[in-house]
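Accompanying notes for the structure given below.
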Amino acid sequence: MKNLPIDDFDIKSFQDDLISWFEREQRKLPWREDRDPYKIWVSEIMLQQTRVDTVIPYFRRFMEKFPTIEALADASEDEVLKAWEGLGYYSRVRNLHAAVKEVEEHYGGTVPDTPEEVSKLKGVGPYTAGAILSIAYGLPEPAVDGNVMRVLARILSIWEDIAKPSARKVFEEVVRKLISRENPSFFNQALMELGALVCTPKSPSCLLCPVREHCRAFREGTIDELPVKSKGKKQKQIRLQAAVLEDEDGRILIHKRPDKGLLANMWEFVQVEESTVLPARQVLKDYLGDVFKIEAALETEHFTEIRHVFTHLIWDIRVYHGKILNQVQETNELKCVPPDEIETFAFPVPHQKIWKAFREQAKSEKVKDIKG
DNA sequence: AATCCGGGGGC
DNA sequence: GCCCCAGGATT
């Protein structure tokens, strides 16, 4: 029996060692400057599946642009998406935007402070609810993320598979038993900070650990076996053909993705999935040919290939260059924009790479012209 | 319970 | 390459 009860565990001593370490060693972070629930909330959404160092510049820019709940509620979705461009998991910010409007309308602009109300907000799950309630309001609610599961799995020698959704509840019950009633905020933050700075996934710094004496895995030599985490399956590969298309005025054709699913509401250059049957480029030409007259430029070879790895799939994109000879009928999803305005739209990273490659290719063409 | 949903950094 | 990251919504 490896999952031991926590009877022989000195909770008070553990809390003291953990919290006093946090008071000494915590990093200075922009969302720790005050206890504004709005800032705590935004930071927690940004930090979902995203490292602190990545989040910091986004957080600063976001707060400059949308300093209050009211400012964010009044912004347009395109503006908000643009501020999130490059951070990934874009439904986070669309949900945040909707939730902030909800708070503005139904809670008079004040983030609610009960588990029931906070949890109802879009994009606020068990972790984020606990984080807001404990950090912003000082309530003893668990905030169990990947760090907390790793740290507690080691300290208490818990052999649950932390990749399984059911594991989170086990750890929430553990936190309810361990959490400091005097300082729930620092207790929760300290567990996460410890996971980020000391009790790391690989080669943890046990010799520097403030709670080493409380750690069963350290005592029993099982640090490298804990936590137990099953592996996910590998990504599906998708071949795409994309085109940077210019109209006769040199404007670029861009397309807005549907409001659900992958990269919802983000802009992109036109692209289609490659057929396994038809020869290269034929699919793209057929697709575009229904709508546009495409000049022979599309007959030339693709000018770049982009590989982009997502969590659950891999895009391999061949990118062509073409010219549109007829008038483009613009819609909400289809626009022609001048090249210098491309960067005002929110593009996913793979299509930012396409634009970068396109400009460099155009530059080298120019050099050739001059030399020729 | 599985699957979907981004992107980057560390090794 | 592989792993993981201050997870949540949908099915």
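Every chain is numbered from 1 and lettered A, B, ... according to where its sequence line falls, protein lines coming before strand lines.
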Note to self: What I want to check is whether an N or O donor and acceptor connect the side chain of A/Tyr127 with the base of C/dG7 at under 3.5 Å.
What the structure shows: no

Check: Taking only N and O in the side chain of A/Thr50, is any of them less than 4.0 Å away from OP1 or OP2 of C/dG7?
Finding: no

Next item on the list: Could you tell me the separation between the CD atom of A/Glu85 and the C1' atom of B/dG8, rounded to a whole number of Å?
Entry: 15 Å

Notebook entry, point to check: Just how far, in rounded Å, is P of C/dG8 from CG of A/Leu262?
Noted result: 20 Å

Next item on the list: Have a look at A/Arg307 and say if it touches a base, only the backbone sugar-phosphate, or nothing, with a 4.0 Å heavy-atom cut-off.
Entry: nothing

Note to self: Closest approach to the side chain of A/Thr311, judged atom by atom: which nucleotide of B/dG7, C/dG8, C/dC4 is it?
What the structure shows: B/dG7

Note to self: Walk me through whether A/Trp41 and A/Ser43 qualify under side chain to side chain donor-acceptor pair (under 3.5 Å).
What the structure shows: CA-CA 5 Å; A/Trp41 181 10; A/Ser43 73; over 6 Å; no

Note to self: For a quick check of understanding: with a heavy-atom distance under 4.0 Å over all strands, which category does A/Arg27 fall into, base, sugar-phosphate or nothing?
What the structure shows: base

Note to self: Tell me whether A/Ile11 shares a hydrophobic cluster with A/Phe186, the cluster being built from Ile, Leu, Val, Met, Phe, Trp, Tyr side chains joined at under 4.5 Å.
What the structure shows: yes

Item checked: Given B/dG6, C/dG8, B/dA2, the nucleotide with the shortest approach to the side chain of A/Tyr90 -> B/dG6

Check: At under 4.0 Å, does any side-chain N or O of A/His312 touch on OP1 or OP2 of B/dC5?
Finding: yes

Checklist line | Whole-Å P distance, B/dC5 and C/dA6 | finding: 23 Å

Item checked: Closest listed nucleotide, where the reference is the side chain of A/Pro350 and the choices are B/dG6, B/dG7, C/dA6 -> B/dG7

Next item on the list: Tell me what A/Val148 touches on the nucleic acid: a base, only sugar-phosphate, or nothing, going by heavy atoms under 4.0 Å.
Entry: nothing

Margin query: Below the 4.0 Å mark, does B/dA2 have OP1 or OP2 next to a side-chain nitrogen or oxygen of A/Lys233?
Written below: no

Check: Measuring from A/Leu133:CG to A/Ser185:OG, what's the distance to the nearest 0.5 Å?
Finding: 11.5 Å

Next item on the list: Quick one: label A/Leu313 by what it contacts on the DNA or RNA (base, sugar-phosphate, nothing), any heavy atom closer than 4.0 Å.
Entry: nothing

Notebook entry, point to check: Hey, where does DNA chain B pair up into stems, meaning at least three consecutive Watson-Crick or G-U pairs with distances under 3.5 Å?
Noted result: B:1-5 with C:7-11, B:7-11 with C:1-5

Next item on the list: Using the P atoms only, state how far B/dG8 lies from C/dA9, rounded to an integer number of Å.
Entry: 24 Å

Item checked: Ring centres under 6.0 angstrom apart (A/Phe347, A/Phe269) -> yes

Notebook entry, point to check: With respect to the phosphate group of C/dC3, does any side-chain polar atom (N or O) of A/Lys231 fall under 4.0 Å of OP1 or OP2?
Noted result: yes

Margin query: Counting the atoms with a prime plus P, OP1 and OP2 as sugar-phosphate, which does A/Gly195 contact under 4.0 Å by heavy atoms, base, sugar-phosphate, or nothing?
Written below: nothing

Check: When you check the phosphate oxygens OP1 and OP2 of C/dG8, does a side-chain N or O of A/Arg168 lie under 4.0 Å from one of them?
Finding: no

Notebook entry, point to check: So does A/Arg51 reach the base of C/dC4 with its side chain, donor to acceptor, closer than 3.5 Å?
Noted result: yes

Next item on the list: Among C/dC5, C/dA6, C/dC3, find the nucleotide with the atom closest to the side chain of A/Lys202.
Entry: C/dC3

Notebook entry, point to check: To the side chain of A/Thr54, which of B/dG7, B/dG8, C/dC3 is closest?
Noted result: B/dG8

Item checked: Distance below 4.0 Å between A/His308 side-chain N/O and B/dG6 OP1 or OP2 -> no

Notebook entry, point to check: Just to confirm, is there a sub-4.0 Å distance from OP1 or OP2 of C/dC5 to any side-chain nitrogen or oxygen of A/Lys229?
Noted result: yes

Note to self: Both A/Asn95 and A/Ser43 contact DNA chain C. Taking the nearest nucleotide for each, which residue is further toward the 5' end?
What the structure shows: A/Ser43

Item checked: Minimum-distance nucleotide (side-chain atoms of A/Pro165 versus B/dA2, C/dA9, C/dA6) -> B/dA2

Notebook entry, point to check: Any idea which of C/dA6, B/dG7, B/dC5 is nearest the A/Asp145 side chain?
Noted result: C/dA6

Item checked: Check: A/Trp355 ring centre within less than 6.0 Å of A/Phe358 ring centre -> yes

Next item on the list: Pick base, sugar-phosphate or nothing for A/Arg94, based on heavy-atom distances below 4.0 Å to the nucleic acid.
Entry: nothing

Next item on the list: Give a yes or no on whether the ring-centroid distance for A/Phe62 and A/Tyr58 is below 6.0 angstrom.
Entry: no

Item checked: Integer angstrom distance from the C1' of C/dG8 to that of B/dG9 -> 23 Å

Notebook entry, point to check: Can you tell me if the side-chain N/O atoms of A/Tyr89 get under 4.0 Å from OP1 or OP2 in C/dC5?
Noted result: no

Notebook entry, point to check: Are any of A/Gln48's side-chain N or O atoms less than 4.0 Å away from OP1 or OP2 of C/dA6?
Noted result: no

